[in-house]
Visitor: 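I'd like to ask you about the structure that follows.
Counting starts at 1 for both ligands and their atoms, following the listed order.
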Amino acid sequence: MNEKKLLDICVGGVWRPGRGEAYASVYPATGQPIAHLRAASVDDVHEAVALADDAFRRGEWAQKKPHERAWVLYRVAQMIRERAEELAQKQRLDNGKPITETRALVASAAATFQFYAAACESLEDSLTPARGDCLTMSVHEPMGVVAAITPWNSPIASEAQKLAPALAAGNAVIIKPAEITPLMALELAAICELAGVPAGMVSVLPGKGSVLGDALVRHPLVKRVAFTGGTRTGKQIARIAADKMMPVSMELGGKSPTMVLADADIDHAVNGVLYGIFSSSGESCVAGSRLFVARPLYAQFMDRLSDAARRLRVGDPADPATQMGPLISEEHRATVERYVALGLSEGGTIRTGGKRPEGKGCDQGYFYAPTIIENLSNTDRTCQEEIFGPVLVAMPFDDEDALIALANDSVYALAAGIWTRDYKKAWRIGRQIQAGTVWINTYKQFSISTPFGGWRDSGLGREKGRLGIQQYMEQKSIYWGMNAQPLPWANC
Ligand code: NAD
C-alpha cells in the first residue's frame, strides 16, 4: 500500500479527498500508518446527502426491476470473491485482526451480497383478502437515503450487512465507517460502482462520529439509520431519530453469558468458551465475556481453561497460525487495562493474563494477553460493563434457577452460550435466557439467513435474514376499487 498517496473518499459518486482534517489509518500490530486521507467535513455530508437524494430520485436504481438490481448485486458478490485475498490483507492492516479472521469476514461480505441479490429478486408483495369490492394489497417501497454507521471491529462484514439489503431495497446509502477503519467501506463503494450501481447511490464519509455521524443522522433527507456501535452512541442517535420520526436499527453492545453445566462435554466447552471470548481479541459484540460454571466442575474446568488460554498464539496477524492479534488502538488497550485494574479493586483475582504479552511480534503494537479474572460477583462493574477486549470473568453457579437469574442479570441481552449434554436442560435454559441469539454447544456461529440483533441495551430491530431487506422499505397498503356502482354515499 502506498503510504504517501492521499486516499480519495466517495462523496455522492465523486471520488476526491475529504474537506476535513488529515489523518492516517494505522496498523494496530505495529502502530505504523498504512494509509493517509482527509476526513469528510460536515459540508461533505450535506453534499453527499443531496447527491444521494438526486441519484435516488432519478430512479436509475430504484426503478430497476428487482431481478436487474439482483444481477448487479450478484456481480458485487463475485467481484469481492475475485479480490478476496487482497481485501482480507487490507482489512488485516486496517484493523489488525488475524488473517484467518479477515478472510472469513470477506467471505461473509460476499455471501451477504449474494443472499440479498436472491432476496431482492424473490421478494413478494401480498394480495390481502378483500372485505369489499376492492383489490387490496400490501407493497413495499424504498425509503430514499439511508445512513449506515459502522464500528471498527469487523468493517467489511458489518458494512456489507447494511449496504447489501439497503441497495437491494432500492435505496441510496451513505456509509459512515469508524474513523480509524475507513478502507473496507471505500473498497465496497468502488466495487459497487464497477459492478453497475449508479454513481451517487453509494457514498463513504470517513471521519469523527460525533461530528459527521451526528450531521448525517440529523439531515432531513436521511430517512433511515442503520447503526452498529456502542449503546451510548446508539441512544444518542435514537433520540435524534425520535424527533424526526425516523426508523432506526441498532446493533449495540453486549456482556454475554456463557454457561457450562456439570454434564458438559469439557473438550467442546473449553474450546468454545475460549473461542467465544478470545477470538477477535474479545473485540466482538457477542463475546462470551461472563462465564458461569457449575460448582462441582468449576475447579477442574478453570484449570483446563486457563492452561489453554495461556497457550493461545498471540502475535503477528499476518501469520495464519495466529489466534489473537492486537487491540485496535493504544487508547482502547488503556481502557481494557483500566477495567482489569477495576476488577482487582473489586476483589477479583487474575487467573491468567492481566498484562501485555511479551515475545516476538508483540513489542510494537497494542497487544494484550488473554485474561481471566475470578472471585468477582456478577453485580460488580467488571461483570456488568462491556470491556470489548480479551477479558473473561468467571464465576461458579449452584443450580439452574440461580444460573438463569445470573445470566439475565445484565442491561445487555445480545447473546448467550450453553454447554450441556442434556437436550432437555438446553431447551429449558435456552428458552428462559433473554438474548437475541442463544448458542447451544457452539458459539459465535453466524448465518446470513438467520436474523441477528439484541434485546434491551443490546439493540433494536434485526439485521440479516430474508426479511432483512424489508427493514429498508416502507410498507404501503393499496385499495383498488373494482366497484360496479359508485360508492353508496352521495347518491349520484
Ligand atoms: P461507537 O459507538 O463509538 O462508534 C460506532 C460508529 O458510530 C462509528 O462510526 C462512530 O464514528 C459513530 N459515532 C460516534 N458517535 C456518533 C454520534 N454522536 N452520532 C453518529 N455517529 C456516531 O462504537 P465503537 O467503539 O466504534 O464500536 C464498539 C461498539 O460497537 C461496542 O459497544 C460493540 O459491542 C458494538 N458492536 C455491536 C455489534 C452488534 O452487532 N450488536 C457489532 C459490532 C460492534
Side-chain angles (χ1 to χ4, degrees), residues 20 23 25 39-40 42 45 94-95 97 101 105 108 112 147-162 174-182 184-185 204-219 222 225-241 244 246 248-256 277 279-289 327-329 331-333 335-336 339 385-389 410-415 435-437 444 446 448 450-464 468:
Y23 73 100
S25 167
V42 170
V45 171
D94 209 19
N95 86 337
K97 277 196 171 186
E101 289 193 22
L105 292 177
S108 146
T112 299
I149 303 179
T150 53
W152 42 260
N153 64 326
S154 305
I156 194 166
S158 50
E159 281 143 15
Q161 226 162 281
K162 295 170 170 39
I174 298 188
I175 306 177
K176 210 307 280 163
E179 183 182 24
I180 49 181
T181 55
M184 288 298 107
V204 179
L205 305 179
K208 281 204 168 43
S210 54
V211 181
L212 303 183
D214 184 75
L216 196 54
V217 172
R218 289 178 193 278
H219 199 293
V222 169
V225 172
F227 174 77
T228 299
T231 299
R232 190 183 305 161
T233 317
K235 287 182 178 178
Q236 278 175 20
I237 293 174
R239 283 186 204 104
I240 298 166
K244 289 172 68 181
M246 171 176 66
V248 289
S249 54
M250 296 281 162
E251 302 287 352
L252 308 176
K255 189 79 180 182
S256 299
I277 177 65
S279 57
S280 306
S281 304
E283 294 170 328
S284 167
C285 54
V286 293
S289 49
L327 298 177
I328 188 72
S329 65
E331 192 190 356
H332 186 53
R333 178 168 64 176
T335 304
V336 170
Y339 267 112
E385 296 177 17
E386 185 185 44
I387 300 175
F388 217 55
S410 167
V411 293
Y412 295 112
L414 189 59
T437 298
K444 252 180 123 175
F446 296 104
I448 184 64
T450 309
F452 178 80
W455 301 8
R456 300 203 287 266
D457 273 16
S458 289
L460 207 59
R462 293 290 175 270
E463 290 193 334
K464 303 187 178 180

Visitor: With respect to atom 44 (C) of ligand 1, which of L414, N153, I149 exhibits the smallest heavy-atom separation?
Guide: N153
Visitor: Roughly how far, to the nearest 0.5 Å, is OG1 of T112 from CD of E159?
Guide: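 Here the rounded value is 12.0 Å.
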Visitor: Working to the nearest 0.5 angstrom, can you tell me the gap between S281 OG and E101 CD?
Guide: 7.5 Å
Visitor: Run the contact test for G454 against ligand 1 with a 4.0 Å cut-off on heavy atoms, strictly below, and give the result.
Guide: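 Distance cut 4.0 Å: G454 fails for ligand 1.
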Visitor: For ligand 1, which atoms have a heavy atom of G253 less than 4.0 angstrom away?
Guide: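 Near G253, the atoms of ligand 1 are 32 (O), 34 (O).
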Visitor: Looking only at protein heavy atoms, which one is nearest to atom 28 (C) of ligand 1, and what is the separation?
Guide: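 The protein heavy atom lying closest is F388 CE2, 3.6 Å.
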Visitor: I need the I180 CD1 to K208 NZ distance, nearest 0.5 Å.
Guide: 11.0 Å
Visitor: Under a 4.0 Å heavy-atom limit, does L252 contact ligand 1 with its side chain, its backbone, both, or neither?
Guide: backbone
Visitor: Does some non-hydrogen atom of G459 fall short of 4.0 Å from ligand 1?
Guide: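 So G459 does not count as touching ligand 1.
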Visitor: Begin with the C-alpha distance, continue with both residues' side-chain angles, and end with the deciding distance and a verdict on side chain to side chain donor-acceptor pair (under 3.5 Å) for S154 and K97.
Guide: CA-CA 9 Å; S154 305; K97 277 196 171 186; 3.1 Å; yes
Visitor: Which atoms of ligand 1 are found less than 4.0 Å from any heavy atom of F452?
Guide: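 The atoms of ligand 1 under 4.0 Å from a heavy atom of F452 are 40 (O).
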Visitor: Working to the nearest 0.5 Å, report the span between OG1 of T150 and CZ of F227.
Guide: 9.0 Å
Visitor: Just distances here: any N/O of G230 and N/O of ligand 1 closer than 3.5 Å?
Guide: yes
Visitor: Which residue from A287, G234, C285, G229 reaches closest to atom 35 (C) of ligand 1 through any of its heavy atoms?
Guide: G229
Visitor: Tell me: protein heavy atom nearest atom 13 (N) of ligand 1, and distance?
Guide: G209 CA, 3.3 Å
Visitor: For atom 4 (O) of ligand 1, is the nearest protein heavy atom under 4.0 Å away?
Guide: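 Not a single protein heavy atom is under 4.0 Å away.
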Visitor: Counting only heavy atoms, which portion of S158 has something under 4.0 Å from ligand 1: side chain, backbone, both, or neither?
Guide: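 S158 to ligand 1: no contact under 4.0 Å from either part.
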Visitor: Is the contact between K176 and ligand 1 made by the side chain, the backbone, both, or neither, using heavy atoms and a 4.0 Å cut-off?
Guide: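 Both of them.
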Visitor: Which protein heavy atom lies closest to atom 25 (O) of ligand 1, and at what distance to 0.1 Å?
Guide: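 Closest protein heavy atom to atom 25 (O) of ligand 1: W152 NE1, 3.2 Å.
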Visitor: Less than 3.5 Å between some nitrogen or oxygen of E386 and one of ligand 1, yes or no?
Guide: yes
Visitor: Just so I know, are the side chains of V222 and V217 near enough to count as touching, which here means a heavy-atom distance under 4.5 Å?
Guide: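 Sidechains of V217 and V222: no contact.
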Visitor: Given F388, which partner from the list Y339, Y412, W152 fulfils the ring-ring contact (aromatic ring centres under 6.0 Å, His included) test?
Guide: W152
Visitor: Going by heavy-atom distance to atom 16 (C) of ligand 1, choose the closest among V217, T228, T233.
Guide: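 Shortest heavy-atom distance from atom 16 (C) of ligand 1: T233.
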Visitor: Side chain, backbone, both or neither: which applies to S210 and ligand 1 if a contact is any heavy-atom pair less than 4.0 Å apart?
Guide: backbone
Visitor: Any idea which part of Q236 is under 4.0 Å from ligand 1, heavy-atom wise: side chain, backbone, both or neither?
Guide: side chain
Visitor: What distance separates Q161 CD from E251 CD, expressed to the nearest 0.5 Å?
Guide: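 Taking CD in Q161 and CD in E251, the distance rounds to 7.0 Å.
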Visitor: If you compare all heavy atoms of D457 against all heavy atoms of L252, which two are closest, and at what distance to 0.1 Å?
Guide: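 Taking D457 first and L252 second, the nearest heavy atoms are O-CB, 3.5 Å.
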Visitor: Quick one: does I387's side chain get under 4.5 Å of K255's, heavy atoms only?
Guide: yes
Visitor: Report the nearest protein non-hydrogen atom to atom 27 (O) of ligand 1: residue, atom name, distance rounded to 0.1 Å.
Guide: P151 CB, 3.3 Å
Visitor: What I'd like to find out is whether the side chain of N95 reaches to under 4.5 Å of the side chain of I328, using heavy atoms alone.
Guide: yes
Visitor: First locate atom CD1 of I149, then atom CD1 of I237, and finally report the distance between them rounded to the nearest 0.5 Å.
Guide: 4.0 Å
Visitor: Quick one: are I240 and D214 in side-chain contact, heavy atoms under 4.5 Å?
Guide: yes
Visitor: Under 4.0 Å from a heavy atom of D214: which atoms of ligand 1 are those, numbered in the order shown and with their elements?
Guide: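 Within the 4.0 Å cut-off of D214, ligand 1 contributes 19 (N), 20 (C).
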Visitor: Below 4.0 angstrom from a heavy atom of P177, which ligand 1 atoms are there? Numbered from 1 as shown, please.
Guide: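 Listed by number with element, the hits are 9 (O).
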Visitor: Less than 3.5 Å between some nitrogen or oxygen of T150 and one of ligand 1, yes or no?
Guide: yes
